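Treat the numbers as computed from the prediction; the structure is a model and nothing was measured. The figures here come from the full heavy-atom set of this structure, side chains too, leaving out hydrogens, waters and symmetry mates.
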Amino acid sequence: EKVEITKEQRALVKAIVDAYNRHQIPQDVAKKLLQEQYSAEENFLLLTEMATSQVQVLVEFTKNIPGFLSLDREDQIALLKGSAVEAMFLRSAQVLSKKMPNGHTDVLEERVRKSGISEEFMTPMFNFYKSVGELHMAQEEQALLTAVTILTPDRPYVKSHQAVERLQETMLDVLRKLCVLQHPHEPMYFARLLGRLTELRTLSHYHAEMLTSWRMNDHKFTPLLCEIWDVQ
Ligand SMILES: CC(C)c1onc(-c2c(Cl)cccc2Cl)c1COc1ccc(-c2ccc3[nH]c(C(=O)O)cc3c2)cc1
């Protein structure tokens, strides 16, 4: 059937894409990827700084998702805590697959590979990065998929499950239409996008184990990361 994006949906996409583009890691932080040393210690510290900056960016982006601030306050916190790792996997995947002109891509990959993460997590992590890269997602799709991930109703401690589900469905409906319109010859494209969300859940479980092994090696996180990841 003819797929139509309504005026409201177009406004919704614009609001989310603008927020996604407006909130980025400051370039002076990102530039450090090129400057600092390459020891496992230095890499870990730098990635910790990037992750902390990325969480701040993520909070600002989330506040701009239409309807998010109308949710119950405690649910807003529960959604952010429950989705932060997945949203950061998505964002770092987009950075790594973008082949950035400023040379950050290879350096970021190099530092992630040498930051004390054990091999068993490295393979699924870089398989994910590869599979996201192969999708060649448009920025509207990246922004909307991140919003869909944040608005996942079945995160721990979410009380108004239905209110979150309604918001997520609004995002899913417009993402579905965009996929049909922007990938007319790939009827399964939307399904493949959603398949990445399943992979994100698995990575999120691996990540919890990564945190434990870093902590066992006495690695320190910032207060913001401790708060959002319930560590220390
Ligand atoms: C606390 C640190 C060590 C950490 O723990 N887990 C992860 C962790 C890991 Cl490895 C993998 C996936 C998710 C997490 Cl959450 C990390 C490092 O997390 C990030 C590293 C880099 C970036 C990031 C985001 C946007 C960026 N833009 C640019 C730019 O150049 O413009 C660089 C950049 C880097 C985000 C999270």
Aromatic ring centroids of Phe44 and His219 under 6.0 Å?
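Centroid distance Phe44-His219: below 6.0 Å, so yes.
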Ring centroids only, cut at 6.0 angstrom: are Tyr206 and Phe89 within range, meaning strictly under it?
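No - the distance between ring centres of Tyr206 and Phe89 does not fall below the 6.0 Å cut-off.
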Of the non-hydrogen atoms in Thr152 and Leu79, which two are nearest, and what is the gap between them?
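Heavy-atom minimum between the residues: O-CD2, 3.4 Å.
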Please tell me if the side chains of [X] and [Y] come closer than 4.5 Å, counting only heavy atoms from C-beta onward.
X: Glu74; Y: Ile77; value: no
X: Tyr189; Y: Arg176; value: no
X: Ser213; Y: Ser118; value: no
X: Leu144; Y: Leu178; value: yes
X: Tyr38; Y: Lys114; value: no
X: Glu86; Y: Glu199; value: no
X: Met50; Y: Leu33; value: yes
X: Leu46; Y: Gln37; value: no

Using side-chain contact (heavy atoms from CB on, under 4.5 Å), reason through Leu193 and Cys179 one step at a time and then give a plain yes or no.
CA-CA 9 Å; Leu193 271 199; Cys179 288; 3.7 Å; yes
Between Val112 and Trp229, is there a shared hydrophobic cluster once you connect ILVMFWY residues whose side-chain heavy atoms come closer than 4.5 Å?
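Linked, Val112 and Trp229 end up in one cluster.
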Please tell me whether Val107 and Leu45 are part of a single hydrophobic cluster in this structure, the criterion being side-chain heavy atoms less than 4.5 Å apart.
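Hydrophobic grouping puts Val107 apart from Leu45.
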Say whether, by atom type as modelled, one donor and one acceptor occur between the side chain of Gln232 and the main chain of Cys226 under 3.5 angstrom.
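Between the backbone of Cys226 and the side chain of Gln232 there is no qualifying donor-acceptor contact (under 3.5 Å).
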Is a side-chain N or O of Ser39 found less than 3.5 angstrom from the main chain of Glu42, in a donor-acceptor match?
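Here the side-chain-to-backbone pair exists.
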Do the side chains of [X] and [Y] get close enough for a salt bridge, i.e. N-O under 4.0 angstrom?
X: Lys63; Y: Glu60; result: yes
X: Arg113; Y: Asp106; result: no
X: Asp18; Y: Lys14; result: yes
X: Lys220; Y: Asp218; result: yes

If you round to the nearest 0.5 Å, how far is CZ of Arg155 from CG of Leu151?
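Here the rounded value is 10.0 Å.
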Scan side-chain atoms only and decide if [X] and [Y] contain a donor-acceptor pair under the 3.5 Å cut-off.
X: Tyr129; Y: Glu134; answer: no
X: Glu141; Y: His136; answer: no
X: Ser131; Y: Arg196; answer: yes
X: His23; Y: Asn64; answer: yes
X: Ser83; Y: Thr149; answer: no

Counting neighbours of CD on Glu227 that are heavy atoms of other residues, nucleotides or ligands and sit closer than 6.0 Å, is the number greater than 12?
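Open: at most 12 neighbouring heavy atoms sit under 6.0 Å from CD of Glu227.
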Taking CD in Gln35 as the centre, count heavy atoms belonging to other residues, nucleotides or ligands within less than 6.0 Å. Is the count above 12?
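Yes, the 6.0 Å shell around CD holds more than 12 heavy atoms from other groups.
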Could you give me the CA-CA distance, side-chain angles and deciding distance for His207 and Met125, then say whether side-chain contact (heavy atoms from CB on, under 4.5 Å) is met?
CA-CA 9 Å; His207 188 266; Met125 185 191 290; over 6 Å; no
When you look at Gln94 and Arg91, which way does the side chain to side chain donor-acceptor pair (under 3.5 Å) test go after all the steps?
CA-CA 5 Å; Gln94 275 128 33; Arg91 184 58 136 179; 4.5 Å; no
side-chain contact (heavy atoms from CB on, under 4.5 Å) between Tyr157 and Asp75, intermediate numbers included
CA-CA 7 Å; Tyr157 314 113; Asp75 283 355; over 6 Å; no
Determine, step by step, whether Leu12 and Ile16 satisfy the side-chain contact (heavy atoms from CB on, under 4.5 Å) criterion, reporting the C-alpha distance in whole Å, the side-chain angles of both residues, the deciding distance to 0.1 Å, and the verdict.
CA-CA 6 Å; Leu12 176 68; Ile16 291 189; 4.2 Å; yes
